[in-house]
Amino acid sequence: MVSDGHKPDNGRSGGGLPGNFIQDIIDEDRRAGRYGGRVHTRFPPEPNGYLHIGHAKAIVVDFGIAQANGGLCNLRFDDTNPSKEDPEYVEAIQRDIRWLGYDWGDRLYFASDYFEQLYQYAEELIKRGKAYVCDLSPEEIREYRGTLTEPGRESPYRNRSVEENLDLFRRMRAGEFPDGSRVLRAKIDMRSPNINMRDPVLYRIQHTAHHRTGDTWCIYPTYDFAHPLSDAIEGVTHSLCTLEFEDHRPLYNWLLEALEIPEPPKQIEFARLNLSHTVTSKRKLRQLVEEGYVRGWDDPRLPTLSGMRRRGYPPEAIRMFCEQTGVTKTNSVIHISQLEHCVREVLNRKARRVMAVLRPLKVVITNYPEGAMEEFEVENNPEDPAAGTRRVPFTREIYIERDDFLEDPPPKFFRLAPGREVRLKGAYYITCQEVVKDPDTGDVIELRCTYDPASRGGETPDGRRVKATLHWVSAAHARPAEVRLYDHLFLTEDPDEGGGFLANLNPESLKVLTGCLVEAGLEDCEPGRQFQFLRHGYFSVDPDSTQKRLVFNRIVSLKDAWAKIRGQQVKAR
RNA sequence: UGGGGCGUGGCGUAACGGUAGCGCCCGGGUCUUUGGAACCCGUGGUCCAGGUUCGAAUCCUGGCGCCCCAGCCA
């Protein structure tokens with residue numbers, strides 16, 4: 001039975017991650033007394049691009065597992081390929097991880113900090129007869145490697161003496177040879193069914209300045225060589241990575257064994273996170289940005305952390321999402337609605353409610369005194385009484401949402417219609433008496449309504465009920481604003497289905513609404529601040545926003561029961 | 001056709017030989033000064049075939065399906 005502390009509900013505390021197979025391995029390691037009971041992980045991004053939701057998952061797992069076990073997680077930039085990396089990303093990546101809510105203390109490391117130690121390890125490998133300098137060209141190495149079904153052939157340089165290998169390797173370092181002319185290879189097994197074990201390249205010559213080490217080096221270690229040894233140098237115990245590195249684990253272990261590293265770190269692979277309706281491949285993201293399909297790396301439609309930050313996603317929501325989708329080895333695609341649910345859950349508790357009319361329709365309250373003004377006390381967040389109340393001005397001329405009025409309402413449409421009475425949130429009951437239309441177009445341009453003074457505050461002494469409560473703004477007080485409505489970037493769950501991802505772009509992923517009217521006071525809010533626009537959804541102040549020109553991003557809509565009913569009605573026809 | 005992984009409701013994820021549970025989505029309802037939130041109810045699942053066992057999602061065998069690997073990328 002359950003004797004080892006497994007809880008039936010699997011509710012382990014700590015990193016917020018539910019129980020998972022990695023935690024099981026750690027539990028077993030601790031039970032066996034391995035690593036002195038330590039748990040030490042690392043997040044190893046290559047500084048060659050922006051972090052996205054997939055990285056967020058890795059961050060949550062790497063830092064979360066450490067946290068859950070009272071351990072530490074290092075931030076290590078895996079900067080072993082100077083031709084692809086840029087210091088610009090080093091800053092951006094740190095900012096994104098901090099924003100997500102994780103802290104690496106003073107453990108900011110770079111694989112490039114270890115270049116000298118790594119080089120010494122390489123010489124040691126040569127001295128042990130486990131590595132050799134190979135003069136084959138890149139094309140020849142490929143030919144000699146064999147294929148998935150045929151074994152490879154041994155390089156003619158495979159059996160050079162230790163002395164010759166050492167001499168050649170030192171001269172590689174000294175810069176005596178041109179790029180691509182020679183490499184250092186592990187001497188393993190050219191017939192291995194695992195292609196990674198067919199004498200993999202450990203060092204290549206690249207006369208390229210490195211963003212941190214400058215021109216100190218003209219040979220650079222490969223990922224396969226640098227990674228296990230960097231882990232070992234840092235005292236990492238559990239090196240968590242994604243499934244595609246599973247085939248590299250034998251090589252990871254081979255290097256650690258060949259160099260007789262005591263208490264070698266353990267590589268454990270888990271499935272990367274895939275999200276529906278979006279792309280996370282570096283190539284595709286870059287194409288979207290560079291070819292102008294979106295407005296930049298921080299476009300709120302992108303799944304980059306900078307994009308989600310600009311959109312207004314709370315970092316807690318992203319963490320919650322990564323935690324609740326679990327840690328497994330199963331390839332899966334998570335529906336974006338699950339992410340959106342997390343965003344709503346966090347914002348419902350946190351976001352102040354305000355009224356904003358996105359598509360204004362003027363309403364004149366004919367029996368309300370001209371020039372009069374009164375203020376109503378409205379709660380800032382019914383989920384959180386501590387959020388307090390605010391005073392909202394009411395006057396004779398107000399604006400309501402165009403969608404909240406229908407001249408000829410279908411069944412189950414509860415909002416305003418000719419002769420119908422509704423409540424204005426926090427204010428009065430009004431009844432629509434007259435519809436004013438543009439004589440040329442026939443468009444409704446104004447409603448003339450009467451109010452019931454007895455309904456002050458939103459209730460009447462006779463207790464009669466209305467079926468709808470509408471949000472509104474006072475014409476004299478409201479502030480104009482631009483509102484950017486975002487929708488899924490792709491129409492299909494899988495952007496790659498059919499004619500390729502560009503063909504599936506959602507042409508309506510961004511709708512810019514101008515002439516919106518929001519409650520006064522919002523002009524004083526700093527970018528990033530989140531609100532619930534009553535009955536619409538959650539919105540944040542965009543960095544483009546100024547006191548004079550307010551700009552809001554829709555983070556996510558509220559669930560819309562009427563939209564659902566309307567959809568069913570349309571479908572039934 | 002070599003090797004490495006993975007198959008549980010529509011989508012995720014639990015179960016550690018003993019009642020297939022949870023979240024999302026979906027459907028219905030209660031409540032509501034947000035058609036929000038909350039709450040209640042519901043539909044629906046162990047890839048297939050054998051085997052072991054009192055008992056199998058779980059162990060074994062064999063299929064089938066999907067993913068990854070032939071960079072001097074990570």
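Since the model is a prediction, treat every value here as computed from it, not as a measurement. Letters A, B, ... are given to chains in the order of the sequence lines, protein chains preceding strands, and every chain is numbered from 1.
- With a cut-off of 3.5 Å on both pairing distances, the Watson-Crick and G-U wobble pairs of RNA chain B assemble into stems of 3 or more at B:2-7 with B:64-69, B:10-13 with B:21-24, B:26-30 with B:38-42, B:47-51 with B:59-63.
- A distance of about 25 Å separates the P atoms of B/C31 and B/C22, rounded to the whole Å.
- For A/R319, the salt bridge (charged side-chain N to carboxylate O under 4.0 Å, His left out) criterion is met by no residue, not counting sequence neighbours.
- Taking the six-membered ring for Trp and the full ring otherwise, A/F245 and A/Y223 have centroids separated by under 6.0 Å.
- Contacts of A/Q568 with the nucleic acid, taken as non-hydrogen atoms under 4.0 Å apart, involve only primed sugar atoms and P, OP1 or OP2.
- Only the P atoms considered, B/U58 is 15 Å distant from B/C6, to the nearest whole Å.
- Closest approach to the A/V333 side chain among B/C16, B/G5, B/G12 is made by B/G12 (side chain taken as heavy atoms from C-beta onward).
- Atom C1' of B/G23 sits at a distance of 26 Å from the matching atom of B/G18, rounded to the whole Å.
- The CG atom of A/N20 sits 16 Å away from the P atom of B/C16 (whole-angstrom rounding).
- Cation-pi geometry between A/R185 and A/Y132 is not met: the NZ or CZ atom fails to fall both under 6.0 Å from the ring centre and inside 45° of the normal.
- Rounded to whole Å, the C1' atom of B/A49 lies 43 Å from the corresponding atom of B/C40.
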Sugar-phosphate or base contact per nucleotide [nucleotides 34-40 of chain B; S, B, -; heavy atom under 4.0 Å]: BBBS---
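- A straight line from CD1 of A/I336 to P of B/C11 spans 17 Å, rounded to a whole angstrom.
- Between B/C25 and B/U32, the distance separating the two C1' atoms is 24 Å to the nearest Å.
- The C1' atoms of B/G50 and B/G10 are separated by 31 Å, rounded to the nearest whole Å.
- Side-chain nitrogen and oxygen atoms of A/S337 include none within less than 4.0 Å of the OP1 or OP2 phosphate oxygen of B/C25.
- In this structure, CZ of A/R31 is placed 18 Å from P of B/C16, rounded to the nearest angstrom.
- In this structure, the side chains of A/Y313 and A/L339 come closer than 4.5 Å at one or more pairs of heavy atoms.
- Within the structure, ring pair (Phe, Tyr, Trp, His ring centres under 6.0 Å) pairs that include any residue of residues 181-208 of chain A comprise A/F169-A/Y203, A/Y203-A/F225 (at least two apart or interchain).
- For the residue pair A/N194/A/S192, the side-chain donor-acceptor check at 3.5 Å is not satisfied.
- A/F376 is linked by a ring pair (Phe, Tyr, Trp, His ring centres under 6.0 Å) to A/F394, A/Y428, counting only residues two or more places apart in sequence or in another chain.
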Base-contact (B) and sugar-phosphate-only (S) positions in nucleotides 63-74 of chain B, heavy-atom cut-off under 4.0 Å, - elsewhere: ----SBBBSBSB
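- A/D62 pairs by the salt bridge (charged side-chain N to carboxylate O under 4.0 Å, His left out) definition with nothing, not counting sequence neighbours.
- Residues passing the side-chain contact (heavy atoms from CB on, under 4.5 Å) test with A/H211, sequence neighbours excluded: A/P47, A/D79, A/E85, A/P87, A/V90.
- Between A/H248 and A/H227, the ring center distance fails the sub-6.0 Å criterion.
- Straight-line distance between the C1' atoms of B/U43 and B/G27: roughly 7 Å, to the nearest whole Å.
- Every residue two or more places apart in sequence or in another chain was checked for a side-chain hydrogen bond (donor to acceptor under 3.5 Å, both in side chains) with A/T222, and none qualifies.
- Contact annotation: the side chain of A/L136 approaches that of A/Y144 to within less than 4.5 Å [non-hydrogen atoms, C-beta and beyond].
- Separation of the C1' atoms belonging to B/C69 and B/A74 is 14 Å when rounded to the nearest angstrom.
- For A/R272, the salt bridge (charged side-chain N to carboxylate O under 4.0 Å, His left out) criterion is met by A/E244, not counting sequence neighbours.
- Here A/S192 lies out of heavy-atom contact (under 4.0 Å) with every strand.
- Of the residues in residues 265-272 of chain A, not one places a heavy atom less than 4.0 Å from an atom of RNA chain B.
- Qualifying salt bridge (charged side-chain N to carboxylate O under 4.0 Å, His left out) partners for A/R158, counting only residues two or more places apart in sequence or in other chains: A/E154, A/D199.
- Salt bridge status for A/E269 with A/R249: present, with a side-chain N to carboxylate O gap under 4.0 Å.
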